[in-house]
There are 2 protein chains.
Amino acid sequence: MTGLSRPEARRGASMADVAKVAGVSSQTVSRVANEKTNVDHATRERVLEAMKEVGYQPNHAARALRTGRFKSIGVIVFTLSTFGNMKTLDAITAAAAEVDHTVTVIRIPDPTRGTVSGAYRRLSEQAVDGVVIIFEAHLLDRAEITLPTDQPVVVVDSNAGDGFTVVDTDQTTGAREATAHLLDLGHETVWHISGPEASFSALHRAQSWAATLSERGITPPPVFVGDWTTDSGYRIGKEIVARGDVTAVFAANDQMALGAMTAFHEAGLQVPGDISVVGFDDMEESKAFWPPLTTVHQDFTEVGRLCIQSLMREIETRTHTPGRTLVPTRLVVRDSTAAPKSAA
Amino acid sequence: MTGLSRPEARRGASMADVAKVAGVSSQTVSRVANEKTNVDHATRERVLEAMKEVGYQPNHAARALRTGRFKSIGVIVFTLSTFGNMKTLDAITAAAAEVDHTVTVIRIPDPTRGTVSGAYRRLSEQAVDGVVIIFEAHLLDRAEITLPTDQPVVVVDSNAGDGFTVVDTDQTTGAREATAHLLDLGHETVWHISGPEASFSALHRAQSWAATLSERGITPPPVFVGDWTTDSGYRIGKEIVARGDVTAVFAANDQMALGAMTAFHEAGLQVPGDISVVGFDDMEESKAFWPPLTTVHQDFTEVGRLCIQSLMREIETRTHTPGRTLVPTRLVVRDSTAAPKSAA
DNA sequence: GTGGTAATTGTTTACGTGAACATCTTGCAA
DNA sequence: TTGCAAGATGTTCACGTAAACAATTACCAC
């Protein structure tokens with residue numbers, strides 16, 4: 001219409017726009033937006049009205065630039081496709097929301113040196129006040145993840161170096177309970193299906209299983225190494241069937257336990273009649289497996305809650321307090337375990 | 001030491017700091033940071049060196065304030081605890097990473113009017129360039145979710161109003177295939193375990209099931225309404241056992257199918273001998289259920305990919321192009337379905 | 001009435017970046 | 001030698017916000 005070129009993209013209304021409409025200074029608008037008390041009631045009403053009129057939305061970037069706070073937590077995760085990671089992320093998201101923070105997720109394709117570091121760097125450029133690393137990798141050590149801005153970090157599910165703040169499930173006690181449960185039922189020994197070698201939770205569970213056997217004077221049999229998936233459990237289940245001498249299996253997660261049970265069923269073995277099975281995780285579905293699975297319950301909600309709690313403390317106090325918090329597990333006995341036939 | 005109070009918190013090094021060390025202007029540092037070509041090679045090296053020396057990290061807030069872009073996608077989701085949502089989020093995260101964007105998750109406790117709107121508003125204050133709503137709620141309509149800044153939005157898994165850009169699994173065809181499969185095996189009718197009433201995907205699957213029966217002159221039996229959980233499937237399974245006249249069940253997801261099968265097993269019914277079961281989703285575990293579950297495979301990865309693709313287009317072109325994209329499903333026949341005994 | 005105090009509102013400024021524009025080299029053709 | 005284009009670099013400024021400080025008003029005790 002006119003010769004003037006108008007600003008190409010309509011950006012949202014700013015405090016200045018609100019101020020003009022309300023007939024106040026933009027600082028007063030800021031005060032209203034931040035719910036400061038020292039604003040006259042009538043003025044506040046007028047400003048709120050003006051905000052509505054111009055459709056004011058606070059500009060997060062400007063606010064963050066000014067305050068240095070993003071009100072957001074970064075989460076680095078290897079995959080969302082495992083029950084544990086998903087549950088933990090869910091809990092972290094809920095806990096973060098309670099303290100009015102959002103969660104920014106970065107998924108790493110591959111837990112190798114380069115990618116972790118890269119992701120961390122990528123995330124530290126992002127708008128986050130702190131980072132949770134849900135990660136299973138032997139590589140994690142202080143040197144690997146250099147902290148460019150000394151950002152608060154909490155690590156879940158890892159044997160990370162002492163410099164880190166760690167929140168984790170008490171893998172050791174959980175695996176001990178599972179193994180002891182089978183031994184107490186009268187099984188002569190317990191075989192183990194472990195998670196992948198690169199995983200620290202897998203390692204912890206395997207070590208604890210072996211230690212429990214050793215303490216009772218039993219030499220641990222060889223470990224079957226899986227990769228957390230149902231498929232690997234199934235494959236290993238067939239190997240176990242082929243052996244013919246196994247009466248009790250402790251799988252490092254429920255999915256592998258499920259796969260193994262399928263192999264047993266296919267071979268005509270009864271669970272728990274011929275062979276007992278214990279899992280780890282206590283997925284929602286585990287109680288509906290056939291038979292309902294005896295397993296070690298993990299309190300992922302608590303893990304997530306503690307992550308955020310630790311992280312927020314580090315953020316607010318600007319201190320770094322390394323340490324390890326362990327969340328207890330609970331053995332849930334269902335129908336996949338029983339005394340061995342020989343003992344019956 | 002001196003009477004001067006020093007700035008309390010050490011903020012990261014800025015471009016100005018780098019510039020001072022490198023002996024250039026901060027604009028040149030900016031050019032190096034943004035990989036512009038018009039910088040002398042020697043100068044670039046010097047700046048990169050200086051960046052390393054002072055530990056420079058770009059300030060995301062300042063950059064976002066200047067450019068108006070956050071390089072982040074917001075995702076509003078009701079729960080991460082269903083297989084589908086989790087998988088979709090996973091795919092979205094991966095697809096977003098490919099275009100160098102992060103993902104900010106907001107979990108809604110409850111899909112009621114207030115919370116959706118509130119979350120949307122909360123998210124629109126956040127540092128995101130666009131929003132994906134993974135949501136199942138009848139309430140979604142253009143009026144409900146007012147778009148204050150006219151932010152790009154893509155909706156998944158919903159029957160949202162025509163104003164929205166929607167990406168969804170082809171629920172209708174999937175449910176039709178599942179139902180037809182059972183009928184083709186010779187079952188006189190097929191019973192349905194649906195998802196919760198408030199869910200549109202549940203509604204679509206139920207409608208399509210009913211339509212498939214009707215087309216063949218069969219009056220659809222009453223629907224059993226579940227809530228997606230294994231528990232509800234188990235409860236309904238027991239009801240089905242009590243009826244005694246059911247030979248074929250189509251469950252709206254795999255978890256409910258699993259629960260129902262557990263109830264059947266407990267009652268001594270053979271699957272598929274006495275009763276056939278079909279699920280929907282094709283979880284990783286479904287092939288290891290006992291028996292391995294016949295189900296409708298959903299391509300969540302593709303859904304996530306298309307979401308980001310559509311969203312990025314809207315973000316980049318600043319246009320809004322409503323429309324519905326359907327991702328095909330695939331019936332996966334395993335061992336939970338067979339011809340009815342009467343027909344054998 | 002005067003001084004003082006508390007409550008409210010306004011003004012100035014800086015956060016770190018990148019676009020727009022200005023300036024300064026360098027090299028080469030005329 | 002001069003002129004001039006192309007490339008490299010510097011300067012200025014605004015994005016929207018909130019802290020720090022300044023100014024104004026109203027009220028109350030004496």
Side-chain angles (χ1 to χ4, degrees), chain A residues 5 7-48 50-51 54-71 124-127 129 148-149, chain B residues 5 7-48 50-51 54-71 124-127 129 148-149:
Chain A
S5 70
E8 77 157 23
R10 169 90 189 93
R11 300 178 81 146
S14 72
M15 284 188 168
D17 299 323
V18 177
K20 209 175 298 171
V21 172
V24 297
S25 75
S26 59
Q27 181 56 45
T28 298
V29 178
S30 170
R31 282 190 265 256
V32 172
N34 291 297
E35 304 187 335
K36 303 281 183 182
T37 52
N38 53 342
V39 179
D40 188 68
H41 181 71
T43 310
R44 177 186 303 279
E45 289 301 311
R46 201 144 37 88
V47 170
L48 290 174
M51 281 180 172
V54 302
Y56 171 74
Q57 292 292 124
N59 181 310
H60 188 79
R63 183 173 280 180
L65 176 60
R66 193 69 185 78
T67 62
R69 285 292 187 82
F70 298 94
K71 304 262 252 176
S124 72
E125 290 183 23
Q126 286 299 323
D129 300 311
T149 57
Chain B
S5 68
E8 78 157 23
R10 168 92 188 92
R11 299 177 81 146
S14 72
M15 285 188 169
D17 299 323
V18 177
K20 209 175 297 170
V21 172
V24 297
S25 75
S26 58
Q27 181 57 45
T28 298
V29 178
S30 170
R31 281 190 267 254
V32 172
N34 291 297
E35 303 186 337
K36 304 280 183 182
T37 53
N38 53 342
V39 180
D40 187 69
H41 182 70
T43 309
R44 178 187 304 278
E45 290 301 311
R46 201 145 37 88
V47 169
L48 289 174
M51 282 181 172
V54 302
Y56 172 74
Q57 291 293 123
N59 182 309
H60 188 79
R63 184 173 278 180
L65 175 61
R66 193 68 184 78
T67 63
R69 284 291 187 82
F70 297 96
K71 305 261 251 174
S124 73
E125 290 182 22
Q126 285 301 321
D129 301 311
T149 57

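Per chain, numbering begins at 1; letters A, B, ... match sequence-line order.
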Exercise. Let me know the distance between CZ of R69(A) and P of dA18(D), rounded to the nearest Å.
Key: 14 Å

Quiz item: Rounded to the nearest Å, what distance is computed from the CG atom of residue N38(A) to the C1' atom of nucleotide dT9(C)?
Solution: 9 Å

Self-check item: Separation of K36(A) NZ from T28(A) OG1 (nearest 0.5 Å)
Solution: 13.0 Å

Quiz item: Is any side-chain heavy atom of L48(B) closer than 4.5 Å to a side-chain heavy atom of R44(B)?
Solution: yes

Practice problem: Compare the minimum distances between each of dG18(C), dT11(C), dT9(C) and the side chain of Q27(A), then state the nucleotide with the smallest one. | Solution: dT11(C)

Quiz prompt | Along DNA chain D (nearest heavy atom to each residue), the more 5'-positioned of T37(B) and S26(B) | solution = T37(B)

Quiz item: Looking for any heavy atom pair under 4.0 Å, which part of the strands does S30(A) touch: base, sugar-phosphate only, or nothing?
Solution: base

Exercise. Could you tell me the separation between the CG atom of N34(A) and the C1' atom of dG16(D), rounded to a whole number of Å?
Key: 12 Å

Quiz prompt | Distance-only donor-acceptor test, R66(B) side-chain atoms vs dG16(D) base atoms, 3.5 Å | solution = no

Practice problem: Round to a whole Å and report the spacing from CZ of R46(A) to C1' of dT9(C). | Solution: 11 Å

Quiz prompt | Shortest non-hydrogen contact between V18(A) and V47(A), atoms and distance | solution = CG1-O, 3.9 Å

Quiz item: Hey, does the side chain of H60(A) reach the backbone of A61(B) with a donor-acceptor pair shorter than 3.5 angstrom?
Solution: no

Quiz prompt | Minimum side-chain heavy-atom gap M51(A)-V32(A) below 4.5 Å | solution = yes

Quiz item: Which whole-number value in Å describes the distance from K36(B) NZ to dT17(C) C1'?
Solution: 12 Å

Quiz item: To the nearest angstrom, how far is E35(B) atom CD from dG18(C) atom C1'?
Solution: 15 Å

Quiz item: Side-chain N or O of R63(B) less than 4.0 angstrom from OP1 or OP2 on dG16(C)?
Solution: no

Exercise. Could you tell me the separation between the CG atom of L65(B) and the C1' atom of dC15(C), rounded to a whole number of Å?
Key: 9 Å

Exercise. Answer with base, sugar-phosphate or nothing: what part of the nucleic acid does T43(A) contact at a heavy-atom distance below 4.0 Å?
Key: sugar-phosphate

Quiz item: Which listed nucleotide (dG16(D), dT9(C), dT11(D)) is nearest to the side chain of V39(A)?
Solution: dT9(C)

Quiz item: Any idea which of dG16(D), dT11(D), dA20(D) is nearest the A62(A) side chain?
Solution: dG16(D)

Quiz item: In whole Å, what is the span from the CG atom of D40(B) to the P atom of dC24(C)?
Solution: 19 Å

